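Just below is one structure, and these are the notes that go with it.
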Amino acid sequence: MPLRRPPPGTPAAATVARVTAAIDAFCARERMPATAAWRLRVALDELLANLGSHGGPAGLPSVEVSLCRESDHIDILVTDDGPPFDPLGSPPPDLTSPLEARQPGGLGIHLVKALVEDIRYEWRDGNRLTLRLRIGAADGTADEDAHADSTGDA
Amino acid sequence: MQIQQATRDGVTVLAPAGRIDTTTSPAVEDAVRGAVDAGARALLVDFTEVEYISSAGLRVFLVLAKRMRDLGGRVVLCGMGQPVRQVFQLAGFLPLFTIDPTREAALDRLTAAP
């Protein structure tokens with residue numbers, strides 16, 4: 001599912017919305033299980049938001065998203081022609097300090113890493129992120145559902 | 001993005017529906033900020049109808065929690081489905097919030113003496 005961004009000058013939000021619609025179509029066509037579908041949507045939302053903030057002075061670079069469904073996983077390729085930027089090199093976010101010290105920075109790529117099975121970055125005439133997202137039993141859906149109603153009081 | 005807003009026993013209830021992501025989080029942020037600006041100091045966010053949340057949405061609730069702490073207000077979250085809960089957990093956000101399973105439990109907590 002190659003998807004190119006609209007012409008230059010299109011707001012980043014419109015680009016993200018357009019990719020989101022294409023992902024919805026992909027999930028519907030492939031009858032994607034719910035857990036894989038939301039993980040895919042969150043991961044791509046994070047990666048596109050990242051592009052918006054690291055795209056350089058020209059704003060959002062030209063970006064292409066490819067999704068390929070295999071029997072038990074989805075292969076995802078996100079390429080862009082922005083300045084070289086390896087999001088995997090960012091320092092891990094602070095996940096344990098008290099509220100006052102928490103900053104939202106770095107959470108997006110941290111979530112992506114946690115939600116996918118594998119993620120790699122390379123520079124080859126552009127930024128290339130290759131991800132693999134597991135579908136099915138390895139989602140641990142049953143386990144997670146069992147905890148869905150528990151409380152998480154501070 | 002639809003966001004239901006109601007007041008019950010002095011508690012402002014916000015119930016967004018759908019996805020909270022890069023596209024929709026500005027609307028959620030507006031609703032949250034509007035409620036606090038209007039004087040809400042007991043705020044309940046009901047995630048029952050939320051499909052999933054990305055870090056753009058987490059940021060909104062981090063800002064809300066900090067602001068309410070500064071104002072001496074209280075925030076309780078409820079109705080988290082597995083996708084929302086898992087993202088809060090992965091981000092290390094669960095210890096930052098008071099979270100109840102249901103709206104009723106959260107309302108009881110917020111209407112009880114602090």
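What you are looking at is a predicted structure, and each value in this text was computed from that prediction instead of being measured. In what follows, chains carry the letters A, B, and so on, assigned in the order in which the sequence lines appear, proteins first and then strands, with residues in each chain numbered from 1.
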message = Please check if the number of heavy atoms outside B:Q5 that lie under 6.0 Å from its CD is greater than 12.
response = yes

ask   = Are side-chain heavy atoms of B:R19 and A:W38 found at a separation under 4.5 Å?
value = no

Residues in residues 112-131 of chain A near chain B [non-hydrogen atoms, under 4.5 Å] = A:A114, A:L115

query = So do B:R59 and A:L107 actually touch side chain to side chain, heavy atoms under 4.5 Å?
reply = no

ask   = Which atom pair, heavy atoms only, marks the closest approach of B:S54 to A:E46?
value = CB-OE2, 3.2 Å

inquiry  = Heavy-atom cut-off 4.5 Å, strictly under: side chain, backbone, both or neither for B:I53 against chain A?
reply    = backbone

Region of A:E100 that comes under 4.5 Å of a non-hydrogen atom in chain B = both

query = Under a 4.5 Å side-chain heavy-atom rule over Ile, Leu, Val, Met, Phe, Trp and Tyr, are B:V63 and B:M68 clustered together?
reply = no

key: Distance (rounded to the nearest 0.5 Å) between B:I20 CD1 and A:D45 CG   = 11.5 Å

ask   = Mind checking whether B:L58 and A:L111 have side chains closer than 4.5 Å, heavy atoms only?
value = yes

note = dist A:L95:CG -> B:F93:CZ (nearest 0.5 Å) comes out at 9.0 Å

remark   = To the nearest 0.5 Å, atom CZ of A:R102 lies from atom CG of B:L96 at 4.0 Å

task = Indicate, with yes or no, if A:L47 and A:L77 share a hydrophobic cluster defined by side-chain heavy-atom contacts under 4.5 Å among Ile, Leu, Val, Met, Phe, Trp and Tyr.
result = no

message = If you compare all heavy atoms of A:G108 against all heavy atoms of B:S55, which two are closest, and at what distance to 0.1 Å?
response = CA-OG, 3.6 Å

Residues forming a side-chain contact (heavy atoms from CB on, under 4.5 Å) with B:A65, sequence neighbours excluded = A:L99, B:F97

remark   = Heavy-atom closest pair (A:Q103 atom, B:L62 atom, distance to 0.1 Å) is C-CD2, 4.0 Å

